[in-house]
Structures are given as structure tokens and as C-alpha cells.
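From a predicted model like this one, the values you see are computed outputs, not experimental measurements.
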Amino acid sequence: MPTGLKRLLRHFTIDLSPLRDSRDYRLLFASGVITMFGTFITMVAVPYQMKQLTDSYLAVGLVSLAEFVPMVVCGLWGGAIADALDRRKIIVLSELGLLVTTGALMVNAMLPTPQVWVLYVMGAVSTGISCLQRPSLEAVFQQVVKHEQQGAAAVLASMRWNFGAIVAPALGGLLVTSFGPAAAYGIDTLSFVLSLALLWRIRSLPPAEDAAPASLQSLVEGVRYAVRRPDLMGTYLVDIAAMVFAMGTSLFPFLADELRAPQALGLLYSAGAVGALAASITGGWAARVHRQGLGVIIAAALWGVAVASSALAPNVWVVFVCIAFAGAADMVSGILRMTMWNQTIPPELRGRLAGIELLSYASGPMLGNARASLMANFGGTRFSLGAGGLLCVGAVLGLAAALPSFRRYDARTDEHALAEKARREAAAA
């Protein structure tokens with residue numbers, strides 16, 4: 001093979017060095033694969049069982065509403081405790097809590113008359129526990145993966161998630177329709193047992209000696225740090241704008257009917273994950289990008305263009321391609337944002353900032369689907385998709401103009417990236 005072609009292929013090859021070099025990262029990665037499958041299965045089982053019990057659209061929709069407040073409160077508090085306590089302990093105890101909530105869902109599903117309130121309560125509790133755990137999981141990668149391998153770790157994490165997002169929901173649908181919700185919850189419970197066995201083997205990850213105790217003051221300190229850094233604010237604001245203006249998965253059932261292909265609804269829901277997985281598999285180049293700010297801007301704008309293009313698609317297959325391209329652009333943005341966060345945020349603040357990140361990428365899709373439904377109510381499905389995509393592009397370009405330090409960010413010269421790299425080199429020495 002010619003040398004030039006080999007060099008080109010290396011840019012698209014996944015870098016497995018984080019898995020090879022870090023035992024703790026291997027344990028976290030394997031645990032994540034196992035629990036991700038179980039969690040996606042339960043995500044299918046809960047609305048399915050709620051529909052079985054109530055046959056109400058409102059009752060199913062209220063499940064997500066019940067999860068919103070725990071997400072906000074526990075996401076922020078999870079960031080505070082991630083900087084103040086042993087992150088391994090937080091991760092393990094949270095995993096145990098998720099095991100209990102899933103076990104409760106399984107027991108409820110096995111009752112002669114399953115209780116609706118259990119689905120709401122356990123959904124809210126499990127969301128709260130997951131959001132307490134998530135900042136520690138995000139922050140711990142900074143401790144167990146080398147500075148120069150953060151981009152590769154971000155690509156691996158995205159590939160793991162997208163593979164599960166494609167396969168696990170289909171498996172969950174098969175389980176609940178063939179064997180019932182109790183079987184699906186049972187599989188998820190087993191996944192947490194296996195995950196705990198792996199997480200237990202991770203070394204202790206204590207906080208810094210001068211770490212601030214978890215408090216409202218420490219949360220405010222984290223917010224102030226983020227606000228003082230326009231490059232970080234750019235990663236949050238661009239992602240929120242992209243999701244609020246161009247997210248439209250709530251329109252897929254209506255779009256499938258308009259395309260006279262109701263049987264293709266599942267295809268539309270999986271299209272974004274298919275595109276994102278393709279971006280992850282070929283995303284070796286993204287780990288080598290140094291201008292992450294500009295990369296996020298371009299990726300978010302392309303996401304908007306792809307969503308707007310789906311409004312003009314004549315058939316379901318063209319829509320699938322548009323949504324897959326949007327998913328790929330969104331995944332590239334996610335990889336670049338995660339790399340930037342882990343390479344520039346000081347470890348004593350990483351947990352609190354991870355809590356803020358959680359709110360930025362979790363609240364955007366919720367608000368975006370509400371926006372999409374409201375616009376469709378006035379102008380129809382195609383109008384909502386097209387106008388939303390164009391608004392996304394405009395908002396992203398406006399933020400790029402308003403945040404020049406984010407647009408010009410370069411990991412090779414940025415003071416925060418260089419300081420964090422120097423700190424880690426000194427610690428290793």
C-alpha cells in the first residue's frame with residue numbers, strides 16, 4: 001500500500017491507546033457498555049408499560065416531565081460532590097442506587113396489578129441518581145486518561161454510546177413485546193450487577209487536598225469560572241442553540257405519516273444514531289483537531305443545514321440520509337467539546353463544570369422538541385423542521401461572531417490547555 005494512502009487511512013482509524021494504556025479506563029469502558037445496554041432497554045420498557053397500564057398519551061409524556069427537575073437539581077449537585085469527594089465512591093454508590101431502582105421496577109412489573117405511581121417515582125429517582133453520578137463519570141476520564149489521549153477517549157466514548165443507541169432499543173422492543181416489561185427490567189438489573197463488579201476494581205480517586213466542600217458556594221464558584229471563560233461558554237451556548245432550534249424527534253411520527261411510511265418510524269428514530277456511529281468509527285481525525293471551537297461551530301451549523309434539508313426531502317430514504325448526516329455532525333461537535341473540556345478545565349473544578357455540561361446537553365433536546373411541536377402546530381411538520389434548521393444556523397453564526405475567543409480557540413496556544421498539560425506532565429514526573 002502506498003505510504004500516502006497509509007497516512008490518510010491513519011487519520012480515519014480509531015485510536016485505541018486509552019484502552020491499551022489505562023486499566024481504569026478499560027474497566028470504566030466495559031462497565032459503560034454493559035449498563036448502557038440495560039439502560040436503553042429500560043428506556044423502551046417504561047413508556048411501553050405505561051401505555052399498557054393507562055393507554056394515555058398524557059401519562060406517557062408525564063414520565064419525562066417527572067424526570068426534569070431531578071435532572072437539573074442533581075446534575076448541579078453531582079458536579080459539586082464530584083470535586084469534593086472520592087469519585088470512585090460516588091460512581092459505585094450511584095450504580096448501586098440504580099440497581100435498586102431498576103429492581104423495584106422489575107418487582108412492580110411482576111405484581112398482579114402493577115402500580116403506575118411506581119413508574120413515575122422510580123423514573124424520577126433513577127434520573128436523579130444518574131445525574132448525581134454523571135459528573136463524576138465525566139470528570140474521572142481526566143484522571144485516568146493521558147492529556148494527549150483525551151481526544152481518542154472522546155471518540156471511543158461516542159462510538160460506544162452510538163452502537164448501544166442503535167442496537168439496545170431494538171433489543172428492548174423485542175424483549176418487552178415478547179416477554180413483557182419484567183423481563184426487560186430484569187436484564188437491566190443484571191447489567192448493573194455486572195457493572196458493579198467492574199467498577200469495584202477501579203482504584204480510589206480522591207479529591208484534591210484543598211478541594212472545596214460541596215456547597216452552594218462551591219456551585220457558584222464553578223458557574224463563575226465558566227462565565228469567565230468565553231471559550232467554555234461557547235461550547236455550552238452553541239450546543240443549546242443547536243438543540244433548541246433544530247431538534248425535532250417529536251415530529252417523527254407525524255413526518256412518517258406524511259411520507260406515507262408509518263412503518264419507517266423506527267428507521268427515522270435510529271437515523272441520527274447511525275450517522276453518529278459512522279462519525280465515531282471514522283472519527284480518528286477529530287482527535288487530532290486543535291481548533292476545537294471552530295470545529296464545534298462548523299459542526300453545529302451543518303447539523304442545522306441537515307435538519308432544514310430534511311424538510312424538503314421527497315421520501316423517507318432522503319429524510320433518513322439527512323437525519324443521519326445531522327447525527328454525524330452532532331457527534332463531531334460532541335467529540336470536540338468533550339476534548340476541549342478535559343484538556344483545559346482544572347481537575348479541582350472538573351466535576352462542577354461537568355454538572356453544567358450535563359444541563360447544557362440534556363435540557364436542549366427537551367426544549368427543542370417542545371419548540372418543534374409548537375411551531376408544527378402553527379405551520380406544519382415541514383415548516384417546523386425547515387424553519388428550525390435555518391434558525392439554528394443563524395443562531396450558531398451569531399454566537400460565533402459574538403464569541404471571538406471561542407472561534408479562535410487553539411489547543412496548541414490556549415493558556416488553559418497549556419497550563420493543564422504542564423500540570424499533568426509535572427505530576428507524571
Enquirer: Would a 4.5 Å heavy-atom cut-off, applied to side chains only, mark S384 and R371 as touching?
Expert: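 Yes, at least one pair of side-chain atoms sits under 4.5 Å.
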Enquirer: Taking T39's backbone N and O only, do any of them form a donor-acceptor pair with T42's side chain (distance below 3.5 Å, no angle check)?
Expert: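 No, the answer is negative, given that no donor and acceptor are paired below the 3.5 Å cut-off.
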Enquirer: So, T381 and E258: side-chain donor and acceptor under 3.5 Å apart, yes or no?
Expert: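 Judged by distance alone, the side chains do pair up.
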Enquirer: For S31 and S195, which I'm curious about, is there any donor-acceptor pair between the side chains at under 3.5 Å?
Expert: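 There is such a pair between these side chains.
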Enquirer: Going through the distances and angles, do S17 and Q149 end up as a side-chain hydrogen bond (donor to acceptor under 3.5 Å, both in side chains)?
Expert: CA-CA 7 Å; S17 59; Q149 293 176 342; 3.3 Å; yes
Enquirer: For the pair S310 (side chain) and V307 (backbone), establish whether a donor and an acceptor sit closer than 3.5 Å, ignoring hydrogens and angles.
Expert: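 Checking the backbone N and O of V307 against the side chain of S310, a donor-acceptor pair under 3.5 Å is found.
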Enquirer: For the pair S333 (side chain) and A299 (backbone), establish whether a donor and an acceptor sit closer than 3.5 Å, ignoring hydrogens and angles.
Expert: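 No.
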Enquirer: For the side chain of T344 and the backbone of M340, is there at least one donor-acceptor N/O pair under 3.5 Å apart?
Expert: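 Checked: pair present.
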Enquirer: Looking only at side-chain N and O atoms, does R134 offer a donor or acceptor that is under 3.5 Å from a partner on S94?
Expert: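 The answer is no; no qualifying pair exists.
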Enquirer: Within 45° of the six-membered ring axis of F29 and under 6.0 Å from that ring's centre, is NZ or CZ of R160 located there?
Expert: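 Cation-pi check for R160 and F29: passes.
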Enquirer: Tell me whether the guanidinium CZ or amine NZ of R352 lies under 6.0 angstrom from the six-membered ring centre of W77 and within 45° of its axis.
Expert: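 Relative to the ring axis of W77, which defines the angle, R352 lies outside at least one limit.
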Enquirer: Run the numbers on L358 and C131 for side-chain contact (heavy atoms from CB on, under 4.5 Å), then give the verdict.
Expert: CA-CA 8 Å; L358 172 63; C131 290; 3.8 Å; yes
Enquirer: What closest approach, in Å, do G186 and M106 show between heavy atoms, and which atom pair accounts for it?
Expert: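 Heavy atoms only, the tightest pair is CA-SD, 3.5 Å.
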Enquirer: Using modelled atom types only, decide if a donor and an acceptor are shared between the side chain of R203 and the backbone of D24 within a distance under 3.5 Å.
Expert: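 Pair absent, no side-chain N/O of R203 close to backbone of D24.
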Enquirer: Is any side-chain heavy atom of Y25 closer than 4.5 Å to one of Q143?
Expert: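 Counting from C-beta outward, Q143 and Y25 never come under 4.5 Å.
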Enquirer: Mark yes or no for whether S130, through its side chain, and T127, through its backbone, hold a donor-acceptor pair below 3.5 Å.
Expert: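 Such a contact is absent between S130 side chain and T127 backbone.
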Enquirer: Looking only at heavy atoms, what is the nearest atom pair of F192 and E95, with distance?
Expert: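 Nearest heavy atoms, F192 then E95: CD2-OE2, 3.4 Å.
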Enquirer: Salt bridge (charged side-chain N to carboxylate O under 4.0 Å, His left out), that's the test. Do D239 and R337 meet it? Break it down for me.
Expert: CA-CA 9 Å; D239 186 50; R337 283 182 284 121; 3.4 Å; yes
Enquirer: Taking the side chain as every heavy atom from C-beta outward, state whether Y185 and V107 have any atom pair closer than 4.5 Å.
Expert: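 Y185 does not reach V107 side chain to side chain.
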Enquirer: Are side-chain heavy atoms of L302 and F325 found at a separation under 4.5 Å?
Expert: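 They are in side-chain contact.
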Enquirer: Only counting residues at least two apart or in another chain, list the ones meeting ring pair (Phe, Tyr, Trp, His ring centres under 6.0 Å) with F320.
Expert: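 F320 satisfies ring pair (Phe, Tyr, Trp, His ring centres under 6.0 Å) with no residue once adjacent residues are dropped.
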Enquirer: So, do L85 and R87 sit near enough that their side-chain heavy atoms are less than 4.5 Å apart?
Expert: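 In short, these two side chains do not touch, never coming nearer than 4.5 Å.
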Enquirer: I want to check something: taking the side chain as every heavy atom from C-beta on, are P70 and V125 in contact at a cut-off of under 4.5 Å?
Expert: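 No, every pair of side-chain atoms sits at 4.5 Å or beyond.
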Enquirer: Does any donor atom in the side chain of Q343 or E420 lie under 3.5 Å from an acceptor atom in the other side chain?
Expert: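 There is no such pair between these side chains.
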Enquirer: Specify whether W341 and Y236 have parallel, tilted or perpendicular ring planes, treating 30° as the upper limit for parallel and 60° as the lower limit for perpendicular.
Expert: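 Ring orientation, 0 to 90° scale: tilted.
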Enquirer: Could you tell me which non-hydrogen atom of A301 sits nearest to which non-hydrogen atom of V396, and how far apart they are?
Expert: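 It is N-CG1, 4.1 Å.
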Enquirer: Using a 3.5 Å distance criterion without hydrogens, assess whether the side chain of R412 forms a donor-acceptor pair with backbone atoms of H290.
Expert: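 It does not hold such a pair.
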Enquirer: Is there a side-chain contact between D414 and D410 (heavy atoms, below 4.5 Å)?
Expert: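 Side chain of D414 against side chain of D410, heavy atoms only: no contact under 4.5 Å found.
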Enquirer: Are the side chain of S191 and the backbone of D188 linked by a donor-acceptor contact shorter than 3.5 Å?
Expert: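 Yes, because the side chain of S191 sits within donor-acceptor range (under 3.5 Å) of the backbone of D188.
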Enquirer: Would you sort out whether I356 and L359 count as a side-chain contact (heavy atoms from CB on, under 4.5 Å), showing the intermediate values?
Expert: CA-CA 5 Å; I356 297 173; L359 298 187; 5.8 Å; no
Enquirer: Considering non-hydrogen atoms only, spot the tightest contact between A411 and Q292 and give its length.
Expert: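 It is CB-OE1, 3.9 Å.
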Enquirer: For R224 and V220, what are the C-alpha separation, side-chain angles and deciding distance, and is it a side-chain contact (heavy atoms from CB on, under 4.5 Å)?
Expert: CA-CA 6 Å; R224 285 176 177 169; V220 172; 3.6 Å; yes
Enquirer: Going by an N to O cut-off under 4.0 Å, is there a salt bridge joining R88 and D86?
Expert: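 So R88 does not pair with D86 through a salt bridge.
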Enquirer: Within a reach of under 6.0 Å around CZ of F254, are more than 12 heavy atoms found that belong to other residues, nucleotides or ligands?
Expert: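 Incorrect, the count does not exceed 12.
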Enquirer: Are any non-hydrogen side-chain atoms of L353 and E138 less than 4.5 angstrom apart?
Expert: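 No, every pair of side-chain atoms sits at 4.5 Å or beyond.
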Enquirer: Judged by atom type as modelled, is there a donor-acceptor pair below 3.5 Å linking the side chain of S126 to the main-chain atoms of G123?
Expert: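 Pair found, side chain donor or acceptor close to backbone of G123.
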